[in-house]
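Encoded as structure tokens, the structure appears first; notes follow it.
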Amino acid sequence: MVTPQQILTELKKVKYPGFSRDIVSFGLIKDVEVGSLGVNVVLAPTTARDEVIEEIRSMVIEVVGKLAGVPKVEVSLSDPPQPARRMQSGPAGIPGVAHVLAVASGKGGVGKSTVAVNLALSLVKLGHRVGLVDADVYGPSVPKMLGLHDRPQATNDKRLIPIDCYGLKVISLGLFVADRTPVIWRGPMINKLLTQFFREVDWGELDFLILDLPPGTGDAQLTITQQVPLTGGVIVTTPQDVALEDVKRGIAMFQQVKTPVLGVIENMSYHICIGCGERGEPFGHGGGSRMAEQFGVPFLGELPLVRAVREAGDAGTPLVVAHPEHADSMAYRAIAARLVEDISARPVEVLPTVH
Ligand SMILES: Nc1ncnc2c1ncn2[C@@H]1O[C@H](COP(=O)(O)OP(=O)(O)OP(=O)(O)O)[C@@H](O)[C@H]1O
Ligand SMILES: [Mg+2]
């Protein structure tokens with residue numbers, strides 16, 4: 001009779017759909033039961049997407065079924081997909097939302113919103129259910145980047161319906177203010193709106209909710225990150241020294257809310273000359289990775305300064321949608337895939353819901 005170990009060895013040949021990593025190292029196999037009637041492989045899926053689970057199920061049946069001495073293969077699922085990580089104390093999670101990721105930057109204009117939008121859409125392309133909250137109260141730019149104009153509708157029970165855009169569910173403060181209305185909401189007003197975004201939006205089931213924070217790492221940002229339990233933070237920076245100093249503050253901010261930093265992304269890291277094709281590094285390069293190393297946080301990658309990125313953003317169709325094969329789009333996809341892998345590899349802390 002085969003041993004569970006032999007079966008695990010076979011299962012390591014099955015790649016998680018859309019990833020280079022196998023389902024065993026993804027932590028997807030909860031148990032392997034070998035009985036006289038056959039084998040039962042128990043999966044603990046981290047996604048609720050039926051088609052992904054089905055694909056894994058049929059691949060498992062195929063590889064295990066080929067082993068000699070296995071009369072029958074069954075695949076069962078352990079508990080339903082993991083709910084949002086709950087902390088013992090602190091804010092309650094958003095029902096139906098598995099992971100909330102915050103994108104932060106120490107200062108403005110580093111491309112944080114561009115990164116948040118393109119990352120969110122890359123996660124959609126990888127088959128995940130994704131939402132995006134534009135929490136930038138000072139300059140909500142997500143509607144422009146996605147070409148959104150309509151004010152969200154509400155359900156009968158007064159929950160806001162996020163706008164569906166290229167498969168991404170979006171809600172932004174910018175959708176509630178007319179163009180050119182000065183956004184001078186302060187303190188309590190901002191908090192009330194954001195609380196509404198977290199609590200009174202009909203997100204449905206989401207694998208990831210991405211939060212585009214306002215630039216900076218002060219009190220305003222801290223207040224937002226305290227509203228929901230975050231799975232992790234992503235810090236966007238540019239290569240200038242001064243921006244790198246800001247990374248420190250970003251890390252410190254996430255530490256304050258006990259949120260792991262999933263990584264640092266260096267944006268506008270270099271540019272490719274259109275005329276000669278040479279790589280130019282106006283601000284030096286590699287600072288992001290050095291900084292990440294120094295602080296012991298992962299470096300997720302560098303994104304070049306590309307005119308198409310700005311043009312796509314200005315035109316309301318982000319790069320990963322307008323030019324999916326562009327080198328930058330691929331870089332975004334790789335970063336998105338890496339984030340998913342890293343998150344899946346983390347132990348999920350599932351605590352009982354406190355009533
Ligand atoms: N890699 C890139 N290549 C070229 N242009 C870029 C790149 N990343 C961002 N941009 C452009 O830089 C400008 C600022 O980007 P973005 O609005 O995303 O920054 P931000 O950090 O969110 O700014 P803010 O502080 O205002 O919220 C935009 O015009 C955007 O299109
Ligand atoms: Mg922004």
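Start at 1 and go down the list; that is how both ligands and their atoms are numbered.
Residue nearest to atom 30 (C) of ligand 1, selected from Val110, Val117, Thr114: Thr114 (by heavy-atom distance).
Of the protein's heavy atoms, Val306 N, 2.9 Å lies nearest to atom 3 (N) of ligand 1. Of the protein's non-hydrogen atoms, the one nearest atom 17 (O) of ligand 1 is Met145 CE, 3.5 Å. The protein heavy-atom contact nearest to atom 10 (N) of ligand 1 is Met268 CE, 4.0 Å. Protein heavy atom nearest atom 7 (C) of ligand 1, with residue, atom name and distance: Val309 CG1, 3.5 Å. The nearest protein atom to atom 24 (P) of ligand 1, hydrogens excluded, is given as Gly109 N, 3.6 Å; this is a heavy-atom distance. Closest to atom 20 (P) of ligand 1, if we only count protein heavy atoms, is Lys112 N, 3.4 Å. The shortest contact between atom 5 (N) of ligand 1 and any protein heavy atom is with Arg310 CB, 3.7 Å.
Here the rule is side-chain contact (heavy atoms from CB on, under 4.5 Å) with Phe197, and of Val228, Leu209, Val133, Asp134 only Val133 fits it. Checking each of Pro152, Pro162, Pro143 against Ser172 for a side-chain contact (heavy atoms from CB on, under 4.5 Å) leaves exactly one that passes, namely Pro143.
Salt-bridge check for Lys112 with Asp212: passed, with a basic side-chain N closer than 4.0 Å to an acidic carboxylate O. A salt bridge links Lys144 to Asp314: at least one charged side-chain nitrogen sits closer than 4.0 Å to a carboxylate oxygen. For Glu341 and Arg338, the salt-bridge test fails: no basic side-chain N is under 4.0 Å from an acidic carboxylate O.
Other residues, nucleotides and ligands contribute at most 12 non-hydrogen atoms within 6.0 Å of the NZ atom of Lys72.
In this model, no donor atom of one side chain and acceptor atom of the other lie less than 3.5 Å apart for Asp246 and Ser105.
Because the distance cut-off is set at 2.8 Å, Ser113 qualifies as a neighbour of the Mg ion (ligand 2) through one of its N, O or S atoms.
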### Task
Decide yes or no on salt bridge (charged side-chain N to carboxylate O under 4.0 Å, His left out) for Lys12 and Asp22, but give the supporting numbers first.
CA-CA 5 Å; Lys12 282 188 187 149; Asp22 68 273; over 6 Å; no
### Message
Test side chain to side chain donor-acceptor pair (under 3.5 Å) on Asn267 and Thr114; report intermediate values, then the result.
### Response
CA-CA 10 Å; Asn267 188 32; Thr114 305; 5.8 Å; no
### Message
Test side chain to side chain donor-acceptor pair (under 3.5 Å) on Thr238 and Glu266; report intermediate values, then the result.
### Response
CA-CA 5 Å; Thr238 52; Glu266 187 175 297; over 6 Å; no
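The aromatic rings of His128 and Phe208 stand perpendicular to each other, their planes meeting at an angle above 60°, with 30° marking the opposite boundary.
Here Pro304 has backbone heavy atoms under 4.0 Å from ligand 1, and that is the only part of it that gets that close. By the criterion of a heavy-atom distance under 4.0 Å, both the backbone and the side chain of Ser113 are placed next to ligand 1. The proximity of Asn267 to ligand 1, defined as any non-hydrogen pair under 4.0 Å, is limited to the side chain. Counting heavy atoms under 4.0 Å from ligand 1, residue Arg307 does not touch it at all.
Protein heavy atoms are absent from the space less than 4.0 angstrom from atom 13 (C) of ligand 1. Within the 4.0 angstrom cut-off, atom 28 (C) of ligand 1 has no protein heavy-atom neighbours.
Using a 4.0 Å cut-off to heavy atoms of Gly108, the atoms of ligand 1 that qualify are 25 (O). Those atoms of ligand 1 that come under 4.0 Å of a heavy atom in Asp136, given as number and element, are 27 (O).
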